[in-house]
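Taking it in order: structure first as structure tokens, then the write-up.
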Amino acid sequence: MLAPAINRVAVQDRPFVSPAELDVVTLKTAALSDDGDTVPAGATGTIVAVYGDAAAFGVEFETPLHALATVYPHQIGSYRRAG
């Protein structure tokens with residue numbers, strides 16, 4: 001009897017679980033706020049909206065400045081689930 005084939009999936013092929021509303025994100029790169037200010041890399045904010053199929057996120061930041069910004073997945077360094 002033949003052994004079953006092993007389907008090896010590379011790490012990069014695993015499905016990406018994207019952040020959701022109320023998750024907390026940390027920026028990997030700076031983002032432009034809706035008011036035109038720069039939110040620096042390392043800033044932490046809360047996702048208040050998910051646009052499209054997680055193509056972008058509305059994020060509210062408290063520090064270093066209070067701002068709303070549209071953040072794209074490539075700008076997110078890390079996130080943690082709400083709750």
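Not measured: the values here are computed from a predicted model.
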Next item on the list: Quick one: do Phe57 and Ile76 satisfy side chain to side chain contact (heavy atoms under 4.5 Å, CB included)? Show the steps, please.
Entry: CA-CA 10 Å; Phe57 306 92; Ile76 296 174; 3.8 Å; yes
Notebook entry, point to check: Which heavy-atom pair separates Lys28 from Ala41 by the least distance, and what is that distance?
Noted result: O-CB, 3.5 Å
Next item on the list: Could you tell me which non-hydrogen atom of Pro19 sits nearest to which non-hydrogen atom of Ile47, and how far apart they are?
Entry: CB-CD1, 3.3 Å
Check: CG/Leu32 to CD/Gln75 distance, rounded to the nearest 0.5 angstrom?
Finding: 9.5 Å
Notebook entry, point to check: Given side chains that start at C-beta, do those of Phe61 and Val71 come closer than 4.5 Å, heavy atoms only?
Noted result: yes
Check: Looking only at heavy atoms, which two atoms of Ala54 and Ser18 are closest? And how far apart?
Finding: CB-OG, 3.5 Å
Next item on the list: Work out which heavy atom in Asp23 is nearest to a heavy atom in Ala82; give both atom names and the distance.
Entry: OD1-N, 2.8 Å
Notebook entry, point to check: Where is the tightest heavy-atom contact between Ala67 and Val39, given as atom of each residue plus distance?
Noted result: CB-CG2, 4.3 Å
Item checked: Atom of Gly58, atom of Tyr51 and distance for their closest heavy-atom approach -> N-CE1, 3.4 Å
Check: Are Val24 and Tyr79 joined in one hydrophobic group, where the rule is that I, L, V, M, F, W and Y side chains link up if heavy atoms are under 4.5 Å apart?
Finding: no
Margin query: Rounded at 0.5 Å granularity, tell me how far CD in Glu60 sits from CG in Leu68.
Written below: 5.5 Å
Note to self: Could you measure the distance from the OG1 atom of Thr46 to the CG atom of Leu22? Nearest 0.5 Å is fine.
What the structure shows: 7.5 Å
Margin query: Is there a path of hydrophobic side-chain contacts, each under 4.5 Å between heavy atoms, that joins Leu27 and Val50?
Written below: yes
